[in-house]
Amino acid sequence: MPTTQAFTRQHRLLTGPQYQTVFDHSKWKVGNAAFLLLACPNQQALPRLGLVIGRKRAKRAVDRGCVKRRAREQFRLRQQQLAGLDIILLVRGRIDHPDPAEVTDQLGKLFDKLLAKCGQA
RNA sequence: CGGACCGGUCAGACAGUCGCUGGCGGCGUAGCCGCUAGAGGAAAGUCCGGGCUCCACAGGGCAGGGUGCCAGGUAACGCCUGGGGGCUACACUGGGAACGGUGUGGCUACGGCUAGUGCCACAGAGAAGAUACCGCCUGUUCCUUCCUCGUGUCGGAACCGGUAAGGGUGAAAAGGUGCGGUAAGAGCGCACCGCGCCGCUGGCAACAGCGGUGGCAGGGUAAACCCCACCCGGAGCAAGACCAAAUAGGGAUCCGUUGGCGUGGCCCGCGCUGGAUCCGGGUAGGUUGCUAGAGGUUUGUGGCGACGCAAACCCGAGAUGAAUGACUGUCCACGACAGAACCCGGCUUAUCGACCGGUCCACUUU
């Protein structure tokens with residue numbers, strides 16, 4: 001098995017219907033004060049990630065970019081374990097001038113938590 | 001060397017690992033590999049001005065909006081450059097004073113209240129065709145002091161007037177200073193300063209200078225309505241163009257109505273229903289618009305300057321559920337504000353700092 005850690009367009013949710021499917025059939029939910037992960041099984045060989053980060057939650061473009069990139073990074077590093085899942089990241093709290101290291105830490109823990117939950121099932 | 005101001009440049013560096021997007025090349029071509037490029041000075045606010053696209057459009061007017069000293073720059077501007085006026089700070093300086101002159105900065109929303117309308121609290125006697133409260137002064141009458149016994153004189157009251165010097169009120173009270181003048185005063189007269197008008201000179205012009213002339217305008221407010229001059233069609237890349245699945249529906253042609261389904265054991269009958277091909281609209285989705293441009297760099301050249309012209313060279317993001325990142329290590333001045341979304345020119349706002357050039361001031365040394 002090639003342990004590639006690439007993150008391409010196949011690793012993303014691209015269309016509205018794809019997002020809707022995950023929202024309607026989310027089997028696992030993991031969250032904390034700031035973020036929420038929704039996941040459901042897919043028929044693909046690869047896991048797919050979707051991001052929902054609205055201007056309402058994060059006013060500054062820099063903050064939105066920061067969360068997106070860090071979320072993708074954490075997803076990318078765990079993609080071997082996450083295979084067969086469609087995952088959506090939602091922002092719960094208000095984001096303003098966050099500490100980047102803190103964001104990475106929180107997101108990493110959330111993905112681990114999600115893996116633990118799926119592993120039980 | 002330090003401080004202030006102005007203008008410009010940069011926006012932690014290096015190495016490794018794992019990734020992302022575009023371009024180019026290669027290959028065994030749904031991909032993989034290699035090379036290469038990959039956020040900003042504000043990418044921001046969306047406050048102006050353009051390009052581009054579609055719609056509308058003979059011409060003119062109204063409404064609405066904008067701009068407002070002059071000249072220039074520009075594709076254009078509410079921007080920029082240069083100039084003028086006004087206000088102001090500091091320094092020097094002229095004058096007895098009012099008030100001026102020079103230099104260096106700063107600010108300036110700077111057309112028009114000699115078209116009209118509106119507003120101007122409070123205070124004050126009076127606030128817009130000015131005004132007499134106190135005061136000052138002439139006169140008349142009365143009271144009063146003095147002795148020289150008067151058409152005198154000291155003090156005072158009332159009244160008729162005069163007055164805009166002084167006091168007082170106010171943001172503002174009919175120019176200011178000085179001299180003369182006068183009963184006291186007053187541009188009443190004169191000189192100077194200020195102001196209006198006329199002329200000449202200089203300047204493209206705003207305007208300035210000089211000379212003459214008038215004793216001298218009648219408050220402020222137009223970021224109040226308004227008047228004058230000039231400018232402005234609307235919507236925006238989710239503009240717009242193209243390709244186009246599935247499902248439903250539309251049109252045309254041909255074929256079928258001897259078919260299929262239901263009822264029924266079957267036939268007749270009855271009820272329901274077409275098939276094939278092509279076309280156009282169009283949803284999801286995709287492609288394009290999409291980055292080579294009012295583009296940079298250097299040199300020359302015109303201009304005080306903004307900027308123009310010419311030549312040579314360069315190509316410096318183009319995503320689209322949305323790339324430009326993460327981690328580790330080392331170093332230092334310990335890294336601010338902040339993330340492209342069609343593209344440019346401005347303005348405004350945010351910002352840890354570093355460097356370069358210029359002007360002014362202060363200080364040290366020779």
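Note on naming: letters A, B, ... go to the chains in the order of the sequence lines (proteins, then strands), and numbering restarts at 1 for each one.
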*Expressed in whole Å, how much space separates the P atoms belonging to B:rG64 and B:rC227?*
10 Å

*Answer yes when A:Glu73 and A:Arg70 have at least one side-chain N-carboxylate O distance shorter than 4.0 Å, and no when they do not.*
no

_Donor on one side chain, acceptor on other, A:Asn32 and A:Gln106, under 3.5 Å_ = yes

*Length of the line joining A:Leu77:CG and B:rG325:P, which is rounded to integer Å*: 17 Å

*Test side-chain hydrogen bond (donor to acceptor under 3.5 Å, both in side chains) applied to A:Gln74 and A:Arg78, step by step*: CA-CA 7 Å; A:Gln74 294 307 309; A:Arg78 290 172 176 75; 2.8 Å; yes

*Does B:rG64 have a Watson-Crick or wobble mate here (both distances under 3.5 Å), and if so which one?*
B:rC232

*Taking atom C1' in both B:rG249 and B:rG282, what distance in whole Å separates the two?*
11 Å

*asked:* Determine whether the aromatic ring of A:Tyr19 stacks with the base of B:rG321, defined as ring centroids separated by less than 5.5 Å and ring planes inclined by less than 30°.
replied: yes

*Which one is paired to B:rU177, where only Watson-Crick or G-U wobble pairs with both distances under 3.5 angstrom count?*
B:rA191

*With heavy atoms under 4.0 Å as the rule, sort A:Arg9 into base, sugar-phosphate or nothing.*
sugar-phosphate

*Searching all strands shown, indicate the nucleotide that pairs with B:rA15 (Watson-Crick or G-U wobble; both distances under 3.5 Å).*
B:rU328

*For nucleotides B:rA76 and B:rG50, find the distance between their C1' atoms and express it as a whole number of Å.*
5 Å

*asked:* I want to confirm an ordering. Mapping A:Gly50 and A:Arg55 to their closest nucleotides on RNA chain B, which one lands closer to the 5' end?
replied: A:Arg55

*asked:* Under 4.0 Å, heavy atoms only, any strand: does A:Leu51 hit a base, just the sugar-phosphate, or nothing?
replied: sugar-phosphate

*Could you tell me whether a side-chain N or O of A:Asp63 sits under 3.5 Å from a main-chain N or O of A:Ala58, the two making a donor and an acceptor?*
no

*Between A:Ile87 and A:Leu89, is any pair of side-chain heavy atoms under 4.5 Å apart?*
no

*asked:* Whole angstroms only, please: what is the CD-P distance between A:Gln74 and B:rG19?
replied: 15 Å

*State the pairing partner of B:rA44; accept Watson-Crick or G-U wobble contacts with both distances under 3.5 Å, and report none otherwise.*
B:rU348

_Watson-Crick or G-U wobble mate for B:rG161, both contacts under 3.5 Å_ = B:rC137

*Determine whether any donor atom in the side chain of A:Arg69 lies under 3.5 Å from an acceptor atom in the base of B:rC20, or the reverse, and answer yes or no.*
no

*B:rU53 and B:rA350, which share atom name C1', separated by this distance in whole Å*: 35 Å

*Could you check if the base of B:rA239 is syn or anti? Syn means the glycosidic torsion is within 90 degrees of 0.*
anti

*Starting at atom CD of A:Glu73, determine the distance to atom C1' of B:rC327, rounded to an integer number of angstrom.*
8 Å

_Comparing A:Val62 and A:Lys68 on RNA chain B - which has the more 5′ nearest nucleotide_ = A:Lys68

*Let me know the distance between CZ of A:Arg70 and P of B:rU324, rounded to the nearest Å.*
11 Å

_Strand partner of B:rA292, provided both Watson-Crick or wobble distances fall under 3.5 Å_ = none

*For A:Arg60, report the nucleic acid contact type (base, sugar-phosphate, nothing); a contact means any heavy atom under 4.0 Å.*
sugar-phosphate

*Just label B:rG282 as syn or anti from its O4'-C1'-N9-C4 or O4'-C1'-N1-C2 angle, using within 90° of 0 for syn.*
anti

*Considering only the P atoms, how many Å lie between B:rU144 and B:rU177, rounded to the nearest integer?*
46 Å

*Gap between atoms CZ and C1', on A:Phe23 and B:rG321 respectively (whole Å)*: 11 Å

*asked:* If I pick the C1' atom on B:rG68 and the same atom on B:rA223, what distance separates them, to the nearest angstrom?
replied: 13 Å

*asked:* In whole Å, measure the gap between the C1' atoms of B:rC55 and B:rA239 for me.
replied: 11 Å

*Answer syn or anti for B:rA75, where the cut-off is 90° from 0 on the glycosidic torsion.*
anti

_Anti/syn call for B:rG316, syn if |chi| within 90°_ = syn

_Rounded to whole Å, how long is the line connecting atom NE2 of A:His97 with atom P of B:rA336?_
11 Å

*asked:* From C-beta outward on A:Arg12, which listed nucleotide comes closest to its side chain: B:rC327, B:rG31, B:rC20?
replied: B:rC20

*Taking NZ, NE, NH1 and NH2 as the nitrogens, is one of them in A:Asp105 or A:Lys109 under 4.0 Å from a carboxylate oxygen of the other?*
yes

*Could you tell me the separation between the CD1 atom of A:Ile53 and the P atom of B:rG321, rounded to a whole number of Å?*
14 Å

*asked:* Under a 3.5 Å threshold, yes or no: a donor from one side chain and an acceptor from the other, between A:His11 and A:Arg76?
replied: no

*In terms of heavy-atom contacts, does CZ of A:Arg92 have more than 12 from other residues, nucleotides or ligands at under 6.0 Å?*
yes

*Expressed in whole Å, how much space separates the P atoms belonging to B:rG346 and B:rC54?*
29 Å

*Whole-Å distance between B:rG321 P and A:Phe7 CZ?*
13 Å

*Hey, does the side chain of A:Arg72 come within less than 4.0 Å of B:rA322's phosphate (OP1/OP2), counting only N and O?*
yes

*Taking a pair as Watson-Crick or G-U wobble with both distances under 3.5 Å, which nucleotide is matched to B:rC5?*
B:rG358

*Heavy atoms under 4.0 Å, any strand shown: does A:His11 hit a base, just sugar-phosphate, or nothing?*
nothing

*Watson-Crick/G-U partner (both atom distances under 3.5 Å) of B:rA186*: none

